[in-house]
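Scroll down for the structure; my scribbles are underneath it.
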Amino acid sequence: MSDERPLNFIEQIVEADNASGKWGVWEQGDAGEGEAGRARLGRPRVHTRFPPEPNGYLHIGHAKAICLNFGLAARHGGKFNLRFDDTNPSKEEQEYVDAIKEDVRWLGADWEGPHGGGMFWASDYFERMYQFAEELVQKGLAYVCELPAEEVAKRRGSPGVPATSPFRDRPIEESLRLLREMRAGKHANGAMTLRAKIDLASPNFNLRDPVMYRIVHEPHHNTGDAWCIYPMYDWAHGIEDSIEGITHSICTLEFENHRPLYDWFLDAINRDRGPGSRWGPRVRHPQQIEFSKFRPTYTVLSKRNLLKMVQDGVVRGWDDPRMPTLRGMRRRGYTPEAIRTLCEEIGVTKVEGFIEIAKIENAIRDHLNRVSPRRMAVLRPLKVTITNWPEGKVDWVEAVNNPEDASAGTRKVPFAGTLYVERDDFMENPPKKFFRLSPGAEVRLRYAYFIRCEGVKKDANGEVVELLCTHDPATRGGDAPDGRKVKATLHWVSAAHAVPIEARLFDRLFNAEEPGKRTGHYMDDLNPSSLEVVRAQGEPSLADAAVGDRFQFERMGYFCVDRDTRPGALVVNRTVTLKDSWAKAAQG
RNA sequence: AGGGGAUUGGUGUAACGGUAGCACGACUGACUCUGGAUCAGUUAGUCUAGGUUCAAAUCCUAGAUCCCCUGCCA
């Protein structure tokens, strides 16, 4: 565990709460079953949740929230809930529910495991929310307003100018009757709303008598046609947290202005509640805490923008490996471990900044370097003929599977008279410090032989199409008995044994750190060449690679076998390149 | 104009009145059968101006800049 890491401000709050006993301790019946439940008994309660609205796919920004909430529960022996905030039937779909569950589980936030509190729906609480609403009406804290939406907007007021509603002081009985009629379906969409009676003059517009219920005659993916009024976020969310016993209700910065509302609603419910009260006992009042979102450079994250990219065909779908969605990143080859580490490393604060792509790439490289089996594959093949190689001879040389992990073992790779090497590894007129192949130069072919370039063949256009090289038989295995050194080691593939591979090479989707910053239109910053597909050639062991397998193609980067793979037609995605100090030097 | 937040190297993040540290990046060098990895090192920071204090990133005052807020979205 990373106990060395300093606590972020939310962890500090949790620690302080645990020390003060603010949320009590886990008790029998609350702690849960099994070993985890017994371990929880008597410990301070820490109960978090991830509350997505099922109206889109999860992206890297959500990963931060998931890791934060789940991590908090896990580290303190508490619980983590997955809760679908399905309060708006006109935007939400079952399709997203399944996708979200899959992604959350993939990330490792198991709501059913030892730290899981379970899976819930906001719609599970619709009846209770409604009862609370009637209670608020009866307490004189809410009223039915018959202003049409446009009229409410007009009467919203401005800083310094209060809002107005002619229905604010209507009799309680009238509001109650109308609320019941609303529920019974006697009124059309938009005819009226239930509003909280808070403060029409508040400088915080969220407090200017916010809508609690609106009429929506539309079937709900969970409750069907049981309801035609649906609760607004601010009214619903605190109740959901309260019912589930959430202790720390963590959300992003834009909800900071809503916190007074979160508190007001729970306080309103609790007004006059307590022992002997006609309303019943007090309800729990969790603490809302806000943190800043994960904002990577060179991408967009909003649902609307991502959706448009899918619809416009800019990408090939929600799981396009260039997408910042969790399914996109998964298809690209990102590991949940790397994403979790990344979320740990970027920290949790209220500062709105950018996370550099380099930081994200570092996380995945670091993990993949440790676990990925190495293979040789030539992305842009250039034919090499070993002129002094015995006709028909095949030499199987031994290659290390992972220099970072001795237990990964070795494998045999065939070497023969016709090979492919990387086109970029040859230059006819090399600049200084180019250590690779050029006329007269000697290099090592990894795990095999030293070869020397003795000549080139060109096509009609003058382009080099083949290298004629000699090998030194004494260097088999890659070392020269006479002690002479070479400055470069190249990857290679035997042409006769090569497995054809479609390799998809990705670049960032946008050319600007903050897409749309300059022109206001993020599509203006689209990178036209974010995808390059090449016909690569791989070593024969790649023939039985399965979808999802990850490899490091030596010197080229980390690759993941794509689901488009068919028998005999391997397709791989480049997750990320290796760091390449030569490419940098050659550029600059 | 009103309300709510934020401000520490290029980026992210610590330091909670007492040595401004860590990570990513960049740059050197060493090593290397991946120009990868690894190792060693360098670079560079407290938004501004006052004040309190033996001592201020931290406390006080004033200002600057940026973000959020006038959906029957979440």
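Every chain is numbered from 1, with letters handed out A, B, ... down the list of sequences. As a basis for the values below, the full set of heavy atoms in this structure was taken, side chains included, without hydrogen atoms, waters or symmetry mates. All values derive from a computational prediction rather than experimental measurement.
At a threshold of 4.0 angstrom between heavy atoms, the contacts of A:Tyr213 with the nucleic acid are absent. At a threshold of 4.0 angstrom between heavy atoms, the contacts of A:Ile355 are confined to the sugar-phosphate backbone, with no base atom among them. Using a 4.0 Å heavy-atom criterion, one finds that A:Arg555 contacts the bases of the nucleic acid, with or without backbone contacts as well. A:Thr87 comes within contact range of the sugar-phosphate backbone alone, with a heavy-atom separation under 4.0 Å but no base atom that close. At the heavy-atom level, A:Arg436 lies under 4.0 Å from base atoms of the strands shown. Across all strands, A:Thr349 comes closer than 4.0 Å only to sugar-phosphate atoms, never to a base (heavy-atom distances). Within 4.0 Å of A:Leu147, counting heavy atoms only, lies at least one base atom of the nucleic acid. Among the atoms of the strands shown, base atoms are found under 4.0 Å from some heavy atom of A:Gly157. Nucleic acid contact class of A:Gly160 (heavy atoms, under 4.0 Å, all strands): none. Residue contacts for A:Glu290: at a heavy-atom cut-off of 4.0 Å it reaches no nucleic acid atom on any strand shown. Within the 4.0 angstrom heavy-atom criterion, base atoms lie near A:Arg374. Heavy atoms of A:His258 sit under 4.0 angstrom from at least one base atom. At the heavy-atom level, A:Pro52 lies nowhere under 4.0 Å from the strands shown. Contact annotation for A:Phe434: base contact, defined as any heavy-atom pair under 4.0 Å involving a base atom.
Salt bridge present: A:Glu134 and A:Arg180 bring a charged side-chain N and a carboxylate O closer than 4.0 Å. The pair A:Lys350-A:Glu256 meets the salt-bridge criterion, since a charged nitrogen lies less than 4.0 angstrom from a carboxylate oxygen. Under a 4.0 Å N-O distance rule, the pair A:Arg436/A:Asp424 does not qualify as a salt bridge. Ion pairing between a basic and an acidic side chain is recognised when a charged N comes within 4.0 Å of a carboxylate O; A:Arg259 and A:Asp263 show no such pairing. A salt bridge between A:Arg49 and A:Glu244 is absent, with no side-chain N of the basic residue lying under 4.0 Å from a carboxylate O of the acidic one.
In terms of polar N and O atoms assigned as donor or acceptor, the side chain of A:Glu404 comes within less than 3.5 Å of the base of B:G36 in a complementary pairing. Side-chain to base pairing of A:Arg208 with B:U70: no donor and acceptor N or O lie closer than 3.5 Å to each other. A donor-acceptor contact under 3.5 angstrom links the side-chain atoms of A:Gln552 to the base of B:U34. A donor N or O paired with an acceptor N or O is found under 3.5 Å between the base of B:C68 and the side-chain atoms of A:Asn257.
Here A:Phe435 and A:Trp582 keep their ring centres 6.0 angstrom or further from each other. The aromatic ring centroids of A:Tyr57 and A:Tyr96 lie less than 6.0 Å from each other. Between A:His237 and A:Phe255, the distance from one ring center to the other does not fall under 6.0 angstrom.
Between A:Thr297 and the phosphate of B:U11, there is no side-chain N or O to OP1/OP2 separation shorter than 4.0 Å. For B:C72, the OP1/OP2 oxygens have a side-chain nitrogen or oxygen of A:Arg156 closer than 4.0 Å. At the phosphate of B:G36, OP1 or OP2 sits under 4.0 Å from a side-chain N or O atom of A:Ser581. For A:Gln288 and B:G4, the shortest distance from a side-chain N or O to OP1 or OP2 is not below 4.0 Å. For A:Arg295, no side-chain nitrogen or oxygen approaches OP1 or OP2 of B:C67 to under 4.0 Å.
No donor-acceptor distance shorter than 3.5 angstrom exists from the side chain of A:Arg476 to the backbone of A:Ala448, with no hydrogens or angles considered. When atom types are taken as modelled, the side chain of A:Thr475 and the backbone of A:Tyr449 share no donor-acceptor pair closer than 3.5 angstrom. The backbone N or O of A:Trp235 lies less than 3.5 Å from no partner atom in the side chain of A:Tyr213, so there is not a single donor-acceptor pair.
Residue A:Phe205 and nucleotide B:G3 are not classified as a stacked aromatic pair, given the requirement of ring centres less than 5.5 Å apart at an interplanar angle below 30°.
The two atoms that bring A:Ile215 and A:Ala188 nearest to each other are CD1-O, 3.5 Å, heavy atoms only.
B:G71 takes the syn form, because its glycosidic angle lies no more than 90° either side of 0.
Nearest nucleotide to the side chain of A:Ile346, out of B:U34, B:G71, B:G12: B:G12. Comparing B:G71, B:A74, B:G35 against the side chain of A:Phe435 picks out B:G35 as the nearest. Checking B:U34, B:C73, B:G4 against every side-chain atom of A:Lys91, the shortest atom distance belongs to B:C73. Among B:C73, B:G5, B:G2, the nucleotide with an atom closest to any side-chain atom of A:Pro203 is B:G2. The side chain of A:Val351 lies closest to B:U13, out of B:U34, B:U13, B:U70. Considering only the side chain of A:Asn8, B:A14 comes nearest among B:A14, B:A15, B:A37.
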I'd like a table of atom pairs between the protein and nucleotides 28-31 of chain B - only N or O on both sides, under 3.5 Å - with the distance next to each one.
none

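Whole-Å rounding puts the A:Ile10 CD1 to B:U13 P distance at 12 Å. At whole-Å resolution of the value, CG in A:Leu437 and P in B:G35 are 12 Å apart. Between A:Phe9 atom CZ and B:U13 atom P the separation is 11 Å, expressed in whole Å. As rounded to whole Å, 15 Å separates atom P of B:C67 from atom NZ of A:Lys293. One atom, CD of A:Glu218, and another, P of B:C72, lie 17 Å apart when rounded to the nearest Å. Remark: C1' of B:G35 and NZ of A:Lys487 are 11 Å apart, rounded to the nearest angstrom. Residue A:Glu352 contributes atom CD, which lies 13 Å from atom P of B:G5 at whole-angstrom precision. Taking atom CG of residue A:Leu261 and atom P of nucleotide B:U70, one finds them 13 Å apart after rounding to whole Å.
The residue among A:Asn369 and A:Val211 whose nearest nucleotide of RNA chain B is located toward the 5' end is A:Asn369. Across the interface with RNA chain B, nearest-nucleotide mapping of A:Gly478 and A:Pro148 shows A:Gly478 to be the residue nearer the 5′ end.
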Bracket string, RNA chain B, 5' to 3' - pairs by Watson-Crick or G-U geometry under 3.5 Å, | interstrand: .((((((..((((....[..)))).(((((.......)))))....(((((..]....))))))))))).....
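The P atoms of B:U7 and B:U48 are separated by 14 Å, rounded to the nearest whole Å. Between the P atoms of B:G18 and B:U11, the separation comes to 27 Å (whole Å).
For the pair A:Phe167 and A:Arg195, the minimum side-chain heavy-atom distance is 4.5 Å or more.
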Under 4.0 Å protein heavy-atom contact, by nucleotide of nucleotides 17-26 of chain B - B base, S sugar-phosphate only: ------SSSS
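The stretch residues 231-240 of chain A touches RNA chain B through A:Pro231, A:Met232, A:Tyr233, each having a heavy atom within less than 4.0 Å of the strand. Taking every heavy atom of residues 53-68 of chain A and every atom of RNA chain B, pairs under 4.0 Å involve A:Glu53, by number.
Residues passing the salt bridge (Lys or Arg N to Asp or Glu O under 4.0 Å) test with A:Arg208, sequence neighbours excluded: none.
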